[in-house]
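See below for the structure under consideration.
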Amino acid sequence: MCLGVPGKVLEVNDMTALVDFWGVRKQVLLHTVDSPVAPGDYVLVHVGFAIRRIPTGQIEETLAFYETLLRTAEEDLMAADVQEEMGAGEET
Amino acid sequence: MTSKASERLEFRDPKQVQAFQRALEHLCADLKTPISIMHVCGSHEQSIARFGLRSLLPPNLQVIMGPGCPVCVTDMPEVDEAVYLAEQGVILATFGDMFRVPGTVKSLAEAKAEGADVRIVYSPWEALQIARKAEREVVFFATGFETTAVATAAVILSGPPPNLSVLSAHKYIPPVMEIVAEMPQTRIQGFLAAGHAATITGWKIFERFVERHGIPVVVGGFEPLDILSALVQLVELIRRGERRVVNAYPRCVTPEGNRNAQRLLWEVFQTESGVWRGIAYVPNGNLRLRPTYAWADARARFQIRLSEWLHDAPPRLTQECLCGNIMAGIATPYDCRLFGKECVPESPVGACMVSSEGTCRIWYEYGGHVKGPTP
Ligand code: SF4
Ligand code: SF4
């Protein structure tokens, strides 16, 4: 319930964005984001809400961590948390 | 190492990990007394345990987990309020983590087994969607720190249907750091502050804390390299007696934080004093709805008569739970008689065994401090 997960913005529609998390696409809410986002940006998402636009150039390191987690995903608490956070966005 | 996780330990950059490890060894080699660092973040603990980071630390550097898990610190009466409302016939929506947390009488899971309508949601937004479709009252039992409270605030400000209300058990981290820093038993010399909460509040918020307590704070991310690099910086500050805040997670944390999110948060919520389960009475540690939003506040909309309801509650094993001491950093799960015996993830006695960010749960899954006593 407490992690943020980074994802890539594909489309922006007023207060929602279509975000890609490693192939899983979700509608994410933008009410809470710190600065305007556009397609191609990365955002940190928590409980279905974007809380930070991650500056370009710093995204690689952020993604690497989650990739490590998801690669060894079976029965891992932290991977489960990441997946739960990804589950929080609305299905498209 | 004992933990099953260690077998698939995988670092992004093992060389850098080694470099940090050597730096820590070097920094701690000539210390006269051991150093204790506290982090206040369940995700930090998960990462530390999962990647076996404690085994990389010099023996005189201790990293302990403080009250960093919002599920664990949700006070039992708050769970009781949720169970009470669920039994009155509302649709009670909450995060999966809260589902099996024991209340005084029962958990929400037990209430559901007896027929209450309890729904697990991933997002406060889902609670709003449920309310749109339902005819009945929907109560969102809202837990989590300021990071999560921001989302709850956004939902309340988005014009929700009138049958949605919020039972807030949201907590605010900065005040509890003050409490833990003052506990004589803990003797914390440095704080590793949590990245995602600081994404909202910004790192400057810790400056007053540093001034008041003379304890340095480093804001860190969750990946093993982030944590190790934050520890190196924290030990350096401690050695030099420097009292300041360092931001070791600049890709997510700025000095001022997320202004937009802060605006939503403080528009809807105000701080109130209250108990964090097991820890203490924390002045200004709870986030509660402002009177302007009483229309969305389950506590204002429903009469919650806990004392009558709790009248004949039988005593439960929970009384022996040491979660409080564990979260204050003065005990480990191995000190608890129930750990791994009566208390396991399938039938948790205390909140710390329920949540995926609880110390007992994490130690149960991954094994704990390799240098610590074995059960
Ligand atoms: S809410 Fe954020 S800071 Fe707190 S434990 Fe969870 S991830 Fe860490
Ligand atoms: S093992 Fe269970 S009962 Fe013991 S402290 Fe942890 S959660 Fe509480």
Side-chain angles (χ1 to χ4, degrees), chain A residues 1-6 15-16 26-37 42-91, chain B residues 5 8 10-13 41-43 46-47 49-50 68-71 95-98 121-126 129 143-145 147-148 150-155 157-158 194-196 199-200 221-226 250-254 257-261 264 355-357 361-362 365-366:
Chain A
M1 176 185 105
C2 281
L3 220 56
V5 182
M15 287 314 243
T16 62
K26 292 278 177 167
Q27 289 292 343
V28 159
L29 297 152
L30 297 176
H31 306 67
T32 47
V33 78
D34 55 339
S35 55
V37 298
Y42 279 85
V43 283
L44 190 67
V45 178
H46 174 66
V47 295
F49 285 79
I51 54 169
R52 162 116 174 124
R53 184 171 68 83
I54 305 170
T56 40
Q58 299 182 352
I59 186 62
E60 300 282 300
E61 338 167 39
T62 311
L63 290 179
F65 172 51
Y66 293 88
E67 273 155 22
T68 309
L69 280 180
L70 291 171
R71 240 197 338 269
T72 52
E74 3 72 65
E75 296 190 31
D76 183 278
L77 281 180
M78 232 181 158
D81 269 9
V82 173
Q83 256 140 8
E84 197 166 295
E85 286 292 346
M86 281 165 26
E90 250 180 275
E91 299 288 343
Chain B
R8 41 194 166 81
E10 231 180 301
F11 291 116
R12 172 154 61 89
D13 187 344
C41 172
S43 301
Q46 278 195 14
S47 200
R50 185 188 187 288
C69 168
V71 175
F95 293 116
D97 274 342
M98 287 314 297
V121 294
Y122 289 124
S123 166
W125 196 256
E126 255 180 279
Q129 307 289 18
T143 56
F145 294 133
T147 332
T148 319
V150 166
T152 303
V155 165
L157 293 171
S158 72
H196 289 169
T199 302
I200 304 296
F222 307 103
E223 100 118 308
L225 289 176
D226 286 333
R251 61 186 191 270
C252 283
V253 180
T254 59
N258 179 341
R259 286 272 177 84
N260 175 40
L264 303 175
S355 136
S356 56
E357 302 204 343
R361 175 76 185 278
I362 293 170
E365 306 276 351
Y366 296 126

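Quick note: numbers below take in every heavy atom, side chains included, and nothing from hydrogens, waters or symmetry partners. We name chains A, B, ... by the order of the sequence lines, and we start the count at 1 in each one.
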Check your understanding: Is it the side chain or the backbone of B:Leu157 that comes within 4.5 Å of chain A heavy atoms, both, or neither?
Key ->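 Neither part.
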
Heavy-atom closest pair, residues [X] and [Y]:
X: A:Leu44; Y: B:Cys252; result: CD2-SG, 3.9 Å
X: B:Ser123; Y: A:Gly48; result: OG-CA, 4.3 Å
X: A:Val33; Y: B:Asn258; result: C-ND2, 3.8 Å
X: B:Arg251; Y: A:Ile54; result: O-CG2, 4.1 Å

Residue from B:Pro250, B:Ala151, B:Ala261 scoring the most non-hydrogen pairs under 4.5 Å with chain A is B:Ala151

- Query: Measuring from A:Asp34:CG to B:Thr199:OG1, what's the distance to the nearest 0.5 Å?
  - Reply: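 Output value for this atom pair is 9.0 Å.
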
Which of B:Leu264, B:Val155, B:Thr147 passes side chain to side chain contact (heavy atoms under 4.5 Å, CB included) with A:Phe49? Answer is B:Val155

Parallel, tilted or perpendicular: which describes the rings of A:His31 and B:Trp125, with under 30° parallel and over 60° perpendicular?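 Tilted.
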
